[in-house]
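Proteins get letters first, then strands, A, B, ... in listed order; numbering begins at 1 in each. Side-chain atoms are counted along with the backbone in the values below, which use heavy atoms only and exclude waters and symmetry mates.
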Amino acid sequence: MLDLQLLRTDVESVASRLAARSFTLDVDRFKALETRRKEQQVQLQELQSARNQFSKRIGQAKAKGEDIAPLMAESEQSNTRLADLEKQLAAIQSQLQEMLLVVPNLPHDSVPVGKSADDNVEVRKVGVPRSLDFQPRDHTDIGAGLGLLDFETAGKISGARFALMKGPLARLHRAIAQFMLDVHTEEHGYTEVYVPYLVNAASMRGTGQLPKFEEDLFSVARGDGDKLYLIPTAEVPVTNIVRDEIVALDRLPLKFVCHSPCFRSEAGSYGKDTRGMIRQHQFDKVELVQIAHPSRSYELLEELTGHAETILKRLELPFRTIVLCTGDMGFSAAKTYDIEVWLPGQSAYREISSCSNFEAFQARRMQARFRNEKGKPELAHTLNGSGLAVGRTLVAILENYQRADGGVDVPVALRPYMGGLETITPPK
RNA sequence: GGAGAGGUGACCGAGUGGUUGAAGGUACCGGUCUCGAAAACCGGCAUGGCAGCAAUGCCAUCGAGGGUUCGAAUCCCUCCCUCUCCGCCA
C-alpha cells in the first residue's frame, strides 16, 4: 500500500510513476473521494466533540442534582446527524481503502523503464554452460530415463502439475534444501524458521496477495465459514512475523530463512510450461526474508541477491542476474532482481530466484515497524528472495549434470548430503 | 470435543456506566545530588488521524466487530486469541 500522505500531497506525480508500470491511477476519482472525506471528517469530528461536551455537562448536572432533560433533548438531534455522517464517512473511507489496496508499489528510481520482460536488463552473467558432446535432454526425459521422476502417477493421485520423485532423486531434492538452509544459516547469518503453511486473510493482505490475487491461491474452508489460504511462498508467513510489531532498532535487520512447500493455482498460466516440473501446483522453496532499516534496504537487497547467487555458484550452475523493468515487476515490489539458471534442455536461462525490496509497501499494510533513532515507531522495509526454488534447482542439476549414459552426476557440494553418492545411475 | 479462567499502554497491574487516554509500579529519557555511580528526589515518556505556517486544538483507540445509552475500558451479543484441567491424537 502506498503512503496516503504522498497521494494527498502529490497524486499527479504518483500517477505518472505508476504509469511507468502500466497502471492507471484514477486521479479524478481519488481527488473527489478525498475532498468528500475531508469535509465529512471535519464535520464529524465537530459533532463528536459536541457530543463529548454534552455528556460531560450531563454528568456534571446530574452530580449536582439538576434537571438534565433540556440538555438531553439538545444532544439528541445533534447525535442523529452524527450517526448519519458516521455512516457516510465510513462508506467513503472504505471506497478509498479499496482503491488503495489494488494500487501497486512505486518503482525505485534505479529500475529501468520498460513494458515487458523484453525490457529487463542483464546485470551480470556467471559461469559458462558446459559443452556436452551429446544432444542434451530435458529434465523430464532424464528423470523418466532414471525411472525416478513420475508425472503419470502424480497425475493419478492429484492431477496435472504435480510430480512424484523416488529414491536418489527424492533424496537429491531433500539434499538441495538442506544444503541451502545450511549455507544461509551458517554463512549468511539467517535464522531458520518453521512456519504455518495455512494462513489467514490478514496475512495474505499484509504481503499483498490479497485482495487482488485471490485466484492464484488455494484455500481451505474452516468450520466457521471463514477460510485459510495455502501459502504461495514462505514470504507470507515469514514476513507476517512482524505484522503489528514494533522491532527494536538494534535488532535490525531481522534475517529469516525458511524451507517450505509453496502452493499456487497457476490460474491463467494454462499451456505455459506444461511439461516437466518447472511450473507446479506444489513445490519447495528456501526463502530469504529481511526486515530492514529504510536507510539500508537497497544495500541489503544487493546482499540478499548475492546470498541467493552463492548457492548457484556452489552448485556450479551457470546463471545470469537481471533487473526487472518497471513493466515486469510484481505488484508489491519497488525493485526486483531475477536470477535465471541455464537449462541445457531448453537452451535457455529460466527464473530460479526472485529477490525484491518492497520498501514500506508491505510494512504499511501490516503495520510492521521499528523504533527509530528518535524512539518513534517507523515503518520498516521488507525484502525477500528465493534462495532458491528447490524444484527448479533440481531441474537445473539434472540438465546441467547429465551424462551421455543417462546418469546424472551429483554436484560436489551436495555429496555430503547424499551419503557420498557421486552419480545417480539409470537402471541397467 | 467437554469444563473453567482471562485478554488494559514497552512490561506488570488498578479500574464494573460520567471531567479515565486511562491510578500505581517497573523499564526508559532528562535534571538535582555525587569525584563518579547507586539510592533518593523532580520532570518527561502511547499510537493513528483531522485542521493549522506554527504554537496548538480536536477526534479515535483498553483483543476484534456489533448493540444498549445523552455518555462504555466498564453492560449485552458475536467472533478471535491465550492459559488450566479432562478427553482424543502425530
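As rounded to whole Å, 14 Å separates atom P of B/G65 from atom CD of A/Gln93. Between A/Met1 atom CE and B/G48 atom C1' there is a gap of 12 Å when expressed in whole angstrom units. Atoms CG (A/Leu89) and P (B/C59) sit 16 Å apart, rounded to a whole Å. Look at CG on A/Leu249: it is 15 Å from C1' on B/C28, rounded to the nearest Å. Nucleotide B/G49 holds its P atom 10 Å from the CZ atom of A/Arg364, rounded to whole Å. Between A/Asp250 atom CG and B/C28 atom P the separation is 14 Å, expressed in whole Å. As a whole-Å value, the separation of A/Gln40 CD from B/C58 P is 23 Å. Computed from coordinates, the A/Arg371 CZ to B/A10 C1' distance equals 7 Å when rounded to whole Å.
Note on A/Ser49: every side-chain N or O is 4.0 Å or more away from OP1 and OP2 of B/C58. Phosphate contact (OP1/OP2 of B/A60, side-chain N/O of A/Asn52, threshold under 4.0 Å): present. Put simply, A/Lys376 has no side-chain N or O that comes within less than 4.0 Å of OP1 or OP2 on B/A46.
Across every strand in view, B/G57 sits in a pair with B/C50 that passes the Watson-Crick or G-U test at under 3.5 angstrom. The partner of B/G21 cannot be assigned: no Watson-Crick or G-U wobble pair with both contacts below 3.5 Å exists in any strand. The base-pairing partner of B/G43, taking Watson-Crick or G-U wobble contacts with both distances under 3.5 Å, is B/C29. In a base pair of the Watson-Crick type (N1 to N3 plus N6-O4 or O6-N4) or a G-U wobble (N1-O2 and O6-N3), with each distance short of 3.5 Å, B/U68 is matched with no nucleotide. A 3.5 Å limit on both hydrogen-bonding distances identifies B/C86 as the Watson-Crick or G-U partner of B/G1. Nucleotide B/A73: unpaired (no Watson-Crick or G-U wobble partner with both distances less than 3.5 Å). A 3.5 Å limit on both hydrogen-bonding distances identifies B/G63 as the Watson-Crick or G-U partner of B/C79.
Taking atom P in both B/U8 and B/G65, the straight-line distance is 16 Å, to the nearest Å. B/G7 and B/G13 have their C1' atoms separated by 13 Å, given to the nearest Å. Taking atom C1' on both B/A73 and B/A22, the two are 8 Å apart, rounded to the nearest angstrom. Rounded to whole Å, the separation between the C1' atoms of B/U47 and B/G30 comes to 23 Å. The gap from the P atom of B/A10 to that of B/G48 amounts to 11 Å, rounded to the nearest Å. Rounded to a whole angstrom, the distance from the P atom of B/U78 to that of B/A90 is 34 Å. A gap of 13 Å separates the P atoms of B/G67 and B/U61, to the nearest Å. The C1' atoms of B/G21 and B/U74 are separated by 15 Å, rounded to the nearest whole Å.
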| field | Residue pair A/His139, A/Met277: steps toward the side chain to side chain contact (heavy atoms under 4.5 Å, CB included) verdict | value | CA-CA 8 Å; A/His139 69 279; A/Met277 50 187 295; 3.7 Å; yes

| task | Could you please spell out the steps behind the side chain to side chain contact (heavy atoms under 4.5 Å, CB included) verdict for A/Phe358 and A/Glu235? | result | CA-CA 12 Å; A/Phe358 302 90; A/Glu235 161 194 349; 4.0 Å; yes

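Looking at heavy atoms from C-beta onward, A/Pro211 lies in side-chain contact with A/Val102 at the 4.5 angstrom threshold. When side chains are defined from C-beta on, A/Glu287 does not count as touching A/Phe256, because their heavy atoms never get closer than 4.5 Å. For the pair A/Arg296 and A/Gln290, the minimum side-chain heavy-atom distance is 4.5 Å or more.
For residues 361-389 of chain A, the ring-ring contact (aromatic ring centres under 6.0 Å, His included) pairs, not counting sequence neighbours, are A/His293-A/Phe370, A/Phe331-A/Phe361.
Atom CG of A/Asp273 sits about 12.0 Å away from atom CZ of A/Arg275, to the nearest 0.5 Å. Atom CG of A/Leu398 sits about 11.5 Å away from atom CG of A/Asp409, to the nearest 0.5 Å. A/Arg37 contributes atom CZ, which lies 7.5 Å from atom CG of A/Leu96 (distance to the nearest 0.5 angstrom).
Residue contacts shown for A/Glu46 are absent, as no nucleic acid heavy atom lies under 4.0 Å away. Among the protein residues, A/Glu378 comes within range of no part of the nucleic acid, since none of its heavy atoms lies under 4.0 Å from any strand.
Mapping A/Gln48 and A/Gln41 onto RNA chain B via the closest heavy atom, the residue that lands nearer the 5' end is A/Gln41. Residue A/Gln60 is the one, among A/Gln60 and A/Gln367, whose nearest nucleotide of RNA chain B lies closer to the 5' end (criterion: closest heavy atom).
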What are the atom names and distances for every N/O pair under 3.5 Å that joins the protein to nucleotides 67-73 of chain B?
from	atom 1	to	atom 2	distance (Å)
B/C70	O3'	A/Asn79	ND2	3.1
B/G71	O4'	A/Ser55	OG	3.4

